[in-house]
There are 2 protein chains.
Amino acid sequence: MELEEGKHKFIQSWGTLGSHWGINRTMAQIHALLLISNGPLSANDIKEGLNISMGNTNMNIRALIDWGLVYKELIPGERKDFYVAEKDMWEVVRRIVTQRKKKELEPLTRVLNELQKVEGDDEETQEFKKVVKDIHLFSGKANTALENLVRSDSKWFIGTFMKMIK
Amino acid sequence: MELEEGKHKFIQSWGTLGSHWGINRTMAQIHALLLISNGPLSANDIKEGLNISMGNTNMNIRALIDWGLVYKELIPGERKDFYVAEKDMWEVVRRIVTQRKKKELEPLTRVLNELQKVEGDDEETQEFKKVVKDIHLFSGKANTALENLVRSDSKWFIGTFMKMIK
DNA sequence: CTTATCTTTCAAAAAGTTTTGAACTTTCAA
DNA sequence: TTGAAAGTTCAAAACTTTTTGAAAGATAAG
C-alpha cells in the first residue's frame, strides 16, 4: 500500500468513527489530517487537503478547538493561523467524555430530577416514579464514574482498570 | 406535574439521549414507552402511544430486539405479539457497548492493522506508521477494557470501579 | 490610510436520515 | 381452506444535518 492511499484510508476511517461519537465527519477528518501531518497546518492547507470549502473548514476547526481536540499555533513571521491536533488518545477520550457528559448526561439528570415531582399516590404514579428513580440513580453513578475517569491519570487508570476488571 | 406530562417528558428525554448513542429517536422513545408502561404492549399500542406509523413502529421494534433492548413476549390467548423493555440499566449499557464495539471499534482495528502495511522507509512513512501504531495500541486497550466491562457483573463492577478509581 | 490576505458568518443548497403509507406476506381462528 | 388481523417491506416524502459560496469583518504590511 502506498503512503498516500494509507493516509486517505486513515482519514476516512477516523471520520467514520468520529461521526458515531458526536463529532461530525469533517471535524473528525480534520483531526485525522492534523494527526498525520508533520507539523502545523493552516486553514488553507486543511481546505485543500480534504477538498472542502473554506466555510466548512473554518466552522469545524472552531468546533474542534471548542472540544479541545485541536490547538491554534501561531508561527512567528506567519500571517495565517496554524493548527495542531491533540495526539494523546487518552486525552482525546477525556475531552470527548467531558463534552458529552455535559451535553447529554447532565440535561438528563435535570429532567429525571424534575420528574420526581409528579403528583399522585396511585399505583401507576408510584410505578413511574420507581422507574425514574432507578434510572436517576444509575445515571448518578455513571456520572461519578465518568468524572473519575476524566480526572484520573492515563497510565494509572488503564493499568489499574485492566487488572481490576480482568 | 401531572403523570401524563411526566411520562411525556421522560419519553422525550430518553429519545434525545438515545439519538446520541446510536439509537434513533423513535427507537429510544419506544424503549422509554415500554419502560414506563405497566406490562407488555402490542405494536399497535406503541404506534398509538407515540403517534407514529405502523411501518416505523415495526422497523424500530425489530431494531430494538436486534440490539437486545426489547423482548418479544407472547401472551397466551392473544393473537398479537407483545413487547417488553429491558429494564436493567446496566444490561442496557452492556448491550449498547457490545453493539457499538462490533460496529465501530472492530472495523477501525481492521483498518489500522492494514495500515501497518504501507510501504516506504522514508521518514514520513515512519512517522505515519508511528501515529497509526499508537492509535492501534490504544484501541486494542479500549477494546479489552470494554470487553471486560461487558462481561463483568453489574454490582461487583460498579462497586469495585467506584472504589478503585476515586 | 489603503490594500491584500486571512477569517468569520450565514442563508441557501446538497446530502443524509427517518418516517410514512400503501402494497405485500404471514398467521391463525372459524 | 379462507379471510381478517397482524406483521413486513420499501420507495417516496418529510425532516435533519452538513456543506457551500458569497459577502462582510478583521488584521497587518506597505
task = Check each residue of residues 15-29 of chain A for a non-hydrogen atom within less than 4.0 Å of any atom in DNA chain D, then write out the ones that pass by number, or none.
result = Asn24(A), Thr26(A)
With sequence neighbours excluded, residues passing salt bridge (charged side-chain N to carboxylate O under 4.0 Å, His left out) with Glu114(B) = Lys9(A)
ask   = Is atom CZ of Arg25(B) surrounded by more than 12 heavy atoms (other residues, nucleotides or ligands) closer than 6.0 Å?
value = no
key: Basic-acidic side-chain contact under 4.0 Å: Arg100(A), Glu104(A)   = yes
ask   = Taking any atom under 4.0 angstrom from a heavy atom of chain B, which nucleotides of DNA chain C are the first and last to qualify, 5' to 3'?
value = dT18(C) to dC28(C)
Set of side chain to side chain donor-acceptor pair (under 3.5 Å) partners for Thr16(A), sequence neighbours left out = none
Qualifying salt bridge (Lys or Arg N to Asp or Glu O under 4.0 Å) pairs with a residue from residues 50-75 of chain A, counting only residues at least two apart or across chains = Lys72(A)-Asp81(A)
query = Can you list the other members of the hydrophobic cluster that holds Met54(B), where links are side-chain heavy atoms under 4.5 angstrom apart?
reply = none
ask   = Taking only residues two or more places apart in sequence or in another chain, which ones pass side chain to side chain donor-acceptor pair (under 3.5 Å) with Trp67(B)?
value = none
query = Between the two end axes of the helix from dC1(C)-dG30(D) to dA30(C)-dT1(D), each built from 5 base pairs, what angle do you get to the nearest 10°?
reply = 10°
Ionic contact status for Glu124(A) with Lys7(B), cut-off 4.0 Å = yes
task = Determine which pairs satisfy salt bridge (Lys or Arg N to Asp or Glu O under 4.0 Å) with at least one residue from residues 40-58 of chain A, sequence neighbours left out, and list them in order.
result = none
ask   = Among all residues two or more places apart in sequence or in another chain, which pass the salt bridge (charged side-chain N to carboxylate O under 4.0 Å, His left out) test with Lys103(A)?
value = none
key: Donor-acceptor under 3.5 Å (Lys129(A) side chain, Val118(A) main chain)   = yes
inquiry  = To check you understand the geometry: which heavy-atom pair defines the closest contact between Gly6(B) and Leu115(A), and what is its length?
reply    = O-CD2, 3.5 Å
message = With a 4.0 Å cut-off on N to O distance, would you call Glu91(B) and Arg94(B) a salt bridge?
response = yes
inquiry  = With a 3.5 Å distance limit and no angle check, can you tell me whether His31(A) reaches the backbone of Glu86(A) through a side-chain donor-acceptor pair?
reply    = yes
inquiry  = Please list, in numerical order, the residues of residues 48-57 of chain B that have a heavy atom closer than 4.0 Å to any atom of DNA chain D.
reply    = Met54(B), Gly55(B)
inquiry  = Just the rounded figure in Å: distance from C1' of dT19(D) to CE of Met59(A).
reply    = 9 Å
message = If you compare all heavy atoms of Leu146(B) against all heavy atoms of Lys101(B), which two are closest, and at what distance to 0.1 Å?
response = CB-CD, 3.7 Å
ask   = Got a sec? Which of residues 61-83 of chain B come in under 4.0 Å of DNA chain D, heavy atoms?
value = Arg62(B), Arg79(B), Lys80(B), Asp81(B)
